[in-house]
Amino acid sequence: MSRIDETKDFIPVRIAVLTVSDSRDLSQDRSGAVLVERIEAAGHVLSDRMVVRDERDQITEQLREWIASPEIDVVLSTGGTGLTGRDVTVEAHRDVYEKEIDAFGTVFTIVSMKKIGTSAVQSRATGGVANGTYLFALPGSPGACKDAWDEILAYQFDYRHSPCNFVEIMPRLDEHLRRK
């Protein structure tokens, strides 16, 4: 079972939040606000936040900009993970992934099933790594963002979480890019 090892120091992670929406701006962005609230309450750093339209090239461009920044460790996007024609966030994420974190979508589905039953099948939440940066595409509902953070990401971005967590392997995510 997982646990928090109180003998270890907490290590804050620098996180950017991207909301994908054709109809919202920052003032109306409830899902992004949920993530920001949880990021800051956990002791992490909000590195950047913005809203982009449901356009694959715009999403990909922003993801690439953030993964190139040494000031950002994690990108959380919200919105555009569904099945409609305008839902292209997952494809944009996969345009930049070096490695996909396949189990994230599976675990998110398990968490969602407990809350919304079989409707969880409509989400295409995904996670991956690029240039030493974690990227996660979450659904656009505040509830889904709460579930993803509270049930999965809060633990994985806590260095004290054991038996393992994303933070402890961060220094090795880009080891294949370094000169030997």
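Sequential numbering from 1 along the given sequence is applied to the chain's residues.
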With sequence neighbours left out, the residues meeting ring pair (Phe, Tyr, Trp, His ring centres under 6.0 Å) with Phe166 are Tyr134, Phe136, Phe157
State, yes or no, whether a side-chain contact exists between Lys146 and Lys115 at a heavy-atom distance under 4.5 Å. no
Report yes if some heavy atom in the side chain of Ser69 is under 4.5 Å from a heavy atom in the side chain of Arg14; otherwise report no. no
Side-chain ion pair, Asp22 and Arg53, N-O less than 4.0 Å: yes
Which pair of non-hydrogen atoms, one from Val34 and one from Cys145, has the smallest distance, and what is that distance? CG1-CB, 4.1 Å
As a quick check of understanding, evaluate side-chain contact (heavy atoms from CB on, under 4.5 Å) for Leu153 and Phe104, giving each step before the final call. CA-CA 9 Å; Leu153 298 175; Phe104 176 76; 3.9 Å; yes
One should read off an interatomic distance between Leu138 CG and Thr126 OG1, to the nearest 0.5 angstrom, of 10.0 Å
Going from OG on Ser119 to CE on Met113, what distance comes out if it is rounded to the nearest 0.5 angstrom? 9.5 Å
Here the gap from Thr19 atom OG1 to Leu76 atom CG, rounded to the nearest 0.5 Å, amounts to 10.0 Å
Nearest 0.5 Å, please: how far is CZ in Arg38 from CG in Leu46? 14.5 Å
Roughly how far, to the nearest 0.5 Å, is the CD atom of Gln122 from the CD1 atom of Ile116? 8.0 Å
Under 4.5 Å between any side-chain heavy atoms of Trp149 and Ile39, yes or no? yes
Heavy atoms of Pro12 and Val45 approach each other most closely as CB-CG2, 4.5 Å
Side-chain hydrophobic cluster, 4.5 Å single linkage: members besides Leu18: Val20, Met50, Val52, Ile59, Leu63, Trp66, Ile67, Ile72, Val75, Val88, Val96, Tyr97, Leu135
Given side-chain contact (heavy atoms from CB on, under 4.5 Å), test Asn165 with Tyr159 step by step and report yes or no. CA-CA 6 Å; Asn165 59 75; Tyr159 178 70; 4.3 Å; yes
NZ/NE/NH1/NH2 to OD/OE distance under 4.0 Å, Asp29 and Arg49: yes
Is a side-chain donor-acceptor pair under 3.5 Å present for Asn131 with Thr133? no
Heavy-atom distance under 4.5 Å between the side chains of Arg124 and Glu91, does that happen here? yes
